[in-house]
Structure formats: C-alpha cells, structure tokens
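Taking it in order: structure first as structure tokens, then the write-up.
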Amino acid sequence: MTCCFKQHAGMCYDEKNNRNEEGGNVGRIGTLRRAPEIVAVFAKHGFAGYIKDLGLAEKIPFTRRGVKEQNVKGEQLRRALEDLGPTFIKLGQFLSTRTDLLPPSWTDPLSKLQSGAPAVPFEEIKKIVESELGQPLDDWLIYMEEVPIGAASIGQVHRAELKDGTEVAIKVRRPGIEPIIRKDISILRQLASLAERNSELARQVSLKAIIDDFAGSLRREMDYRREATESSGVRETIKEKHVYVPLVYSEWSTEQILVMEYMDGKPLHGDVIAGMEIKERQELAQALSETVLRQVFIEGVFHADPHPGNLLLLRDGRLCLIDFGNTGRLSDEMRHLLSDCLFALGDRDAAALSMLVLEMGSRKPVNRRMLQRDISRWMGGYMDIELADVEMGTMLQELFTVAGSHSISIPKDFVQVGQAFLKVEQTVIALDPGSSLSGMVRDMSREVLMGRINPKELMRGSRSFIRLMKMATDKLPSVLNETLSEWEGGQPKLKMHITADENIMKRLERMASMVVLSIMMLAFSIVMAGLFVSMRNRPPLTGTNTIHLGMLTAVIMTTIFLTVIYLMWRKIK
C-alpha cells in the first residue's frame with residue numbers, strides 16, 4: 001500500500017517525555033528546566049564557543065566541566081537538533097532553506113533531517129477526528145484503516161473511504177504536539193532576546209527575527225485548513241496534463257484534519273526513475289519544469305518544496321504534487337523584481353543586478369560600489385557559460401549568499417523560490433540529465449515579458465497608479481493647510497531621522513566627553529578660587545598653618561583632576 005502524503009521530517013521522541021509535555025506545562029519552572037537542557041545539548045555537540053559568542057554562557061548554567069570545543073559543521077548541528085526533538089528538527093529544516101545566512105556546508109546536512117515517529121494509537125486519532133467534525137466516523141466514512149500510512153512528528157496519515165465510495169487520505173495532527181511546540185518556541189524567543197542583549201553577533205544576524213520567522217512558518221504548517229487552501233490554489237494553476245494535484249475535501253477539513261483525494265503512486269526516488277522509459281522521463285522533466293516556472297513567474301503561487309518525496313509517479317504516468325504545508329506566494333511587484341533579476345543575469349549586467357538586489361532591502365547601509373564589485377566577481381564565474389547550461393537553483397543560492405555578506409535581507413519568498421528551483425532542478429536532472437531549468441527560464445522569458453506589457457496588465461497598473469495619485473491629491477490640501485497654519489503660528493515642526501551607525505555614535509560620545517570635561521574644568525576653577533579666598537579670610541587653626549593645609553588640599557585636588565582629565569582625554573582620542 002502506498003501513501004499519498006510525504007512522511008513529514010521529524011524525530012522519534014521519547015514517549016514518556018511526550019506524556020509529560022502533553023500536560024501543556026509552559027510555566028516558568030518548565031522553562032527554567034528546558035532552557036539549560038537545550039543549551040547543554042548544543043554544548044555537548046561542540047557548540048560551546050558559539051554559545052559564548054551569543055552571550056549565553058554566563059547567563060544560563062549549562063555545561064559540565066570539560067566540555068570539548070570542536071570544529072563544528074552542519075552535521076554536528078543536525079545531530080544536536082535531532083536530540084532536542086520535533087520542534088528543533090523543524091527548525092533545522094527551516095534553517096536549511098536560509099542559504100542567505102548559512103553556507104552549503106551547513107544547509108546541506110540540515111536538509112537531510114528526516115525521521116519517523118511512533119504511531120499514535122488509533123483510538124486517540126479517532127477521538128480527534130470525531131471531536132473536530134462533531135460526528136462519529138460511521139456517519140461519513142465506510143472505513144478508516146487503523147494502521148497509519150505514515151507517521152511523523154507533527155501528524156500521521158490514514159487511508160479511508162467516504163460514503164460515496166471515494167478513497168481519501170486523512171492527515172491528523174498529532175495529539176499533544178501543540179503545547180510542546182508552543183513551549184519550545186517560547187524558550188527559543190527568550191534565548192534569542194537574551195542573546196541579542198548580550199551579543200553583537202546575535203544582533204547582526206537578527207536572531208529574534210529568524211526565530212519569529214520560523215515560528216510563523218511552523219504555525220502555518222500545523223494549520224491544515226491553510227494547507228487545504230494552498231493546495232486548492234495550486235491545483236487551479238496547473239495547466240500541464242502530465243502534472244496533477246489531489247482534490248481537497250474542504251467540507252471535511254479543519255485546523256487539525258486534512259481530507260484529500262487518495263493517490264496511488266510511488267515517491268519519485270532513484271529506483272522508480274530507473275524503471276521508466278527515456279521518453280517518459282523527458283516528458284515528465286519538461287512538464288515539471290514548466291509547471292514550477294509558470295507557478296513562480298506567471299501565477300505567483302508555487303509549491304516551495306518539490307523534492308522527490310513530494311512527487312508521486314501515478315499508475316497512469318502522471319506526476320502528482322503532494323504536501324502543501326510549504327508554499328510560496330509572490331506579489332506582482334516581487335514577480336517583476338525576480339524576473340528583472342533573471343533578465344539582468346542573462347545580459348550579464350552587474351550594475352543593474354546590484355540595484356535590483358538592493359531593492360530587496362537591507363539591515364544597514366550598504367556600500368554600493370563594494371556590492372557591485374562582489375556581484376561582478378560572482379558573475380565572472382558564469383561569463384563563459386551559456387545561461388542554458390547554468391544550474392539556476394545553485395546560482396540563485398550563491399547570489400543570496402553574496403547579498404547576505406552585505407547585510408542585505410533577502411525576502412523569505414525569494415529564498416523559497418531559490419529553494420524550489422534548487423530542488424526541482426535536482427529532480428529534473430535525475431529524470432533527464434540533458435534538460436536545463438535555466439534554458440527553460442530563457443524560453444519562458446518572452447512569455448513573462450509579454451505578460452507584463454499586455455493590455456490587461458497595463459490597464460491594471462494604470463488603475464493602480466491613478467488610484468494612488470487620487471489618494472495623494474485628496475490628501476494634499478489638508479497637508480498644505482496644516483503646514484501653512486503651523487508657519488503662521490510661528491510653530492513649524494521639523495522631524496529628523498538619524499541612523500545611529502558606529503561613526504556617529506563615536507562622534508556623539510566625543511562631544512559629550514568634551515562637554516563634561518569643560519564642566520569639570522569650570523567646577524575645579526570655582527572650587528580652587530573659593531579655597532584660596534577662604535584661606536586669606538580665616539586665622540590659623542590650632543597652630544596649623546592654614547596656607548600649608550590649603551596648598552596640600554590644592555595639590556591633591558589638582559592631581560585627581562589631572563588624572564581624570566588624562567583618562568577622559570584618552571577616551572576622546
């Protein structure tokens with residue numbers, strides 16, 4: 001029996017631990033126990049140096065004496081995440097897509113995070129399904145197999161049959177998994193906040209933003225109602241007769257249950273491909289490439305994880321796309337930006353490409369000349385290669401790495417496009433080594449360009465422009481009236497925004513030090529003048545020469561003052 005869902009990557013986690021977590025203990029005591037455990041596992045796998053760099057070493061007691069430092073890579077990180085359970089395995093899978101942050105030596109091992117999980121007893125699954133739908137299974141199903149087709153850390157899949165005889169696959173979210181993930185996400189956020197307060201490295205990579213992005217991604221993956229919507233959206237965009245997306249039964253699907261048409265096929269792994277005829281493989285490679293490219297450049301909604309496990313070869317020879325927990329959506333603006341990037345690549349135009357990369361946004365000011373130089377250098381590696389012979393997925397990943405080195409934050413949707421291209425390209429090459437995704441992009445560029453200049457698109461763009469102009473025109477009189485009133489009243493307002501970079505902060509620090517220094521010199525002069533005036537107006541005290549006492553006091557104060565002045569002057573310098 002074959003399954004119609006990918007076995008979600010996950011981790012076989014200890015059942016005793018699972019029972020403890022199912023109680024939803026997200027209190028302070030649980031957090032205090034879990035946080036040191038998380039950090040200790042990373043330290044055990046050789047990440048003690050990274051923990052110190054992130055400012056966590058002195059804040060959380062985590063290590064036993066004698067923890068060894070290692071020259072760690074992605075493989076050690078993969079093992080650490082496996083030890084920590086389902087949430088962290090999902091974190092590893094998420095990080096494997098962040099090629100703008102991590103090099104291939106880290107992302108490649110993380111992309112291999114795969115495991116099963118022990119099956120949840122059928123009685124528990126039955127309770128969830130009946131509770132979600134508010135009716136017994138017998139009211140809408142002929143049968144539901146007790147043994148799951150596949151079980152993973154977040155959900156498991158059972159084969160069933162509707163009353164009308166339609167075979168379906170029912171994916172059910174694992175009971176008790178939500179409290180576990182919620183608590184782990186809470187701890188990760190706390191650790192990220194602590195790291196950003198104590199570590200420049202954490203602030204540079206925006207660790208809190210990464211964890212927030214991961215939390216949002218995992219939340220969307222756990223919502224099966226959203227997956228049903230995305231699956232139906234992709235299904236509507238499919239034009240290729242060789243590619244199919246299963247029908248989703250929305251009336252039976254909820255946040256914890258997904259009911260989908262059962263597909264009898266085999267995952268498109270190497271042994272399955274080897275048993276196919278050459279012509280069939282070439283047709284499927286062409287169909288898969290055109291489908292993904294059309295989803296990205298034309299439709300703007302795409303399957304972001306088209307690896308072989310998410311592709312089934314059906315009995316009738318079609319390819320079936322499954323598991324839409326990870327999908328991407330591109331606005332018209334982002335699609336145009338992406339296509340412009342590919343056009344600039346095709347023309348080997350480093351200047352235009354650097355400007356387009358800058359439009360993606362950055363975390364801090366960027367040296368444009370240095371960025372263009374690095375892009376030109378990167379592009380030089382492809383100068384003697386025809387675009388049709390380039391591995392598009394790899395090339396985009398390299399471009400994102402160059403952008404990341406200049407602190408340019410690549411939008412998540414673009415990162416998903418890069419990952420989708422990389423994965424589909426690997427599958428396409430396995431099907432037909434002579435095919436090229438880049439060549440198909442070049443062939444599709446005409447259609448993309450014509451789509452941007454067709455009358456319907458131009459009319460829609462014009463309507464948007466006119467709408468924005470009307471909004472600005474409606475607002476202009478009130479803004480001018482308010483501004484004139486402020487000037488007439490003698491109270492004009494000037495708003496300034498200053499970006500606090502390192503040089504500005506140093507200058508402000510010097511200026512503040514000089515002001516403090518001037519105040520100290522003025523205060524010293526007043527004190528010394530008062531001291532000498534008081535010595536002249538008072539008689540000797542108990543036989544002690546007042547002048548000598550005053551001189552000694554003056555010498556001590558002068559010494560202290562000069563020492564402070566010297567230390568402040570060194571700081572200003």
Side-chain angles (χ1 to χ4, degrees), residues 47 50 53-54 72-74 77-78 81 91-111 188 192 195-196 199-217 296 304-305 326 328 330 334 337-338 340-342 344-345 349-382 390-423 425 499 501-502:
F47 290 90
Y50 285 95
D53 291 341
L54 290 174
V72 290
K73 294 288 184 183
L77 180 58
R78 181 184 66 81
L81 295 173
L91 176 61
Q93 293 173 339
F94 170 79
L95 290 175
S96 73
T97 68
R98 295 303 302 268
T99 51
D100 56 320
L101 294 174
L102 299 174
S105 59
W106 290 78
T107 56
D108 289 348
L110 293 179
S111 65
L188 284 172
E196 287 203 1
S199 166
E200 179 63 26
L201 173 63
R203 290 190 290 271
Q204 285 178 355
V205 300
S206 301
L207 193 57
K208 287 197 297 185
I210 293 173
I211 297 301
D212 287 342
D213 195 10
F214 164 63
S217 174
V296 170
D305 198 20
N326 185 9
L330 298 173
M334 295 182 75
L337 181 58
L338 179 63
D340 286 340
C341 285
L342 294 177
L345 279 171
D349 189 346
L353 185 58
S354 62
M355 292 179 62
L356 291 166
V357 169
L358 276 172
E359 285 189 37
M360 297 179 184
S362 61
R363 292 190 292 269
K364 64 180 184 180
V366 176
N367 186 322
R368 297 187 176 217
R369 185 174 297 177
M370 295 288 289
L371 174 64
Q372 184 173 335
R373 184 204 65 183
D374 289 347
I375 288 181
S376 296
R377 185 178 299 167
W378 162 78
M379 197 175 284
Y382 294 95
V390 171
E391 293 183 2
M392 181 62 66
T394 302
M395 186 169 65
L396 282 178
Q397 302 300 318
E398 291 175 358
L399 178 60
F400 294 160
T401 300
V402 172
S405 68
H406 289 268
S407 299
I408 295 175
S409 180
I410 304 298
K412 176 192 171 187
D413 298 305
F414 282 168
V415 175
Q416 284 183 307
V417 169
Q419 281 291 310
F421 281 178
L422 187 64
K423 292 176 181 179
E425 198 164 41
T499 302
D501 65 9
E502 187 176 350

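Along the sequence shown, residues are numbered consecutively beginning with 1.
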* Asked: Are Thr401 and Trp378 close enough that some pair of their side-chain heavy atoms sits under 4.5 Å apart?
  -> no

* Show your reasoning for whether side-chain contact (heavy atoms from CB on, under 4.5 Å) applies to Gln419 and Asp305. => CA-CA 7 Å; Gln419 281 291 310; Asp305 198 20; over 6 Å; no

* Asked: Does the pair Phe400 and Val357 meet the rule for a side-chain contact (heavy atoms from CB on, under 4.5 Å), with working shown?
  -> CA-CA 9 Å; Phe400 294 160; Val357 169; over 6 Å; no

* To the nearest 0.5 angstrom, please state how far the CG atom of Leu188 sits from the CG atom of Leu91. => 6.5 Å

* Would you please name every residue forming a side-chain hydrogen bond (donor to acceptor under 3.5 Å, both in side chains) with Asp374, sequence neighbours left out? => His406

* Asked: Is the count of non-hydrogen atoms from other residues, nucleotides or ligands lying under 6.0 Å from Met355 atom CE greater than 12?
  -> no

* To do: Return the minimal non-hydrogen interatomic distance between Met334 and Pro411, and the atom names on each side.
  => CE-CB, 3.9 Å

* So, for Gly92 and Leu81, which heavy atoms are closest and what is the spacing to 0.1 Å? -> CA-CD1, 3.4 Å

* Check: Leu337 main-chain N/O paired with Glu359 side-chain donor or acceptor under 3.5 Å -> no

* With sequence neighbours excluded, tell me which residues meet side-chain contact (heavy atoms from CB on, under 4.5 Å) with Ala192. => Leu207, Lys208, Ile211

* Could you walk me through whether Gln416 and Asn326 pass the side chain to side chain donor-acceptor pair (under 3.5 Å) check? -> CA-CA 9 Å; Gln416 284 183 307; Asn326 185 9; 2.9 Å; yes

* side-chain contact (heavy atoms from CB on, under 4.5 Å) partners of Ala209, counting only residues at least two apart -> Ser206

* Measure across Leu95 and Thr107 and return the closest heavy-atom pair with its distance rounded to 0.1 Å. => O-CG2, 3.9 Å

* Structure fact -> Sorted by chain and residue number, the side-chain contact (heavy atoms from CB on, under 4.5 Å) partners of Arg373 (sequence neighbours excluded) come out as Met370, Arg377

* Could you tell me whether the side chain of Ile210 reaches within less than 4.5 Å of the side chain of Phe94, counting heavy atoms only? => yes

* Start with the C-alpha gap between Leu110 and Leu102, add the side-chain angles, then the distance that decides, and say whether side-chain contact (heavy atoms from CB on, under 4.5 Å) holds. => CA-CA 11 Å; Leu110 293 179; Leu102 299 174; 4.3 Å; yes

* To do: Can you sort out the partners of Gln372 under side-chain contact (heavy atoms from CB on, under 4.5 Å), two or more places apart, ordered by chain and number?
  => Ala351, Ser354, Ser376

* Sequence neighbours excluded, which residues qualify as salt bridge (charged side-chain N to carboxylate O under 4.0 Å, His left out) partners of Asp349? -> none

* With side-chain contact (heavy atoms from CB on, under 4.5 Å) as the test, would you mind laying out the steps for Phe414 and Leu330 before giving the verdict? => CA-CA 8 Å; Phe414 282 168; Leu330 298 173; 4.3 Å; yes

* To do: Could you tell me whether the side chain of Ile408 reaches within less than 4.5 Å of the side chain of Leu371, counting heavy atoms only?
  => yes

* Might you point out which heavy atoms bring Lys412 and Asp213 nearest each other, and give the distance in Å? => CD-OD1, 3.6 Å

* Atom CG of Leu77 and atom CZ of Phe47: how far apart are they, to the nearest 0.5 Å? -> 4.5 Å

* Mind listing the closest non-hydrogen atom pair of Ala304 and Gly328 along with its distance? => CB-N, 4.2 Å

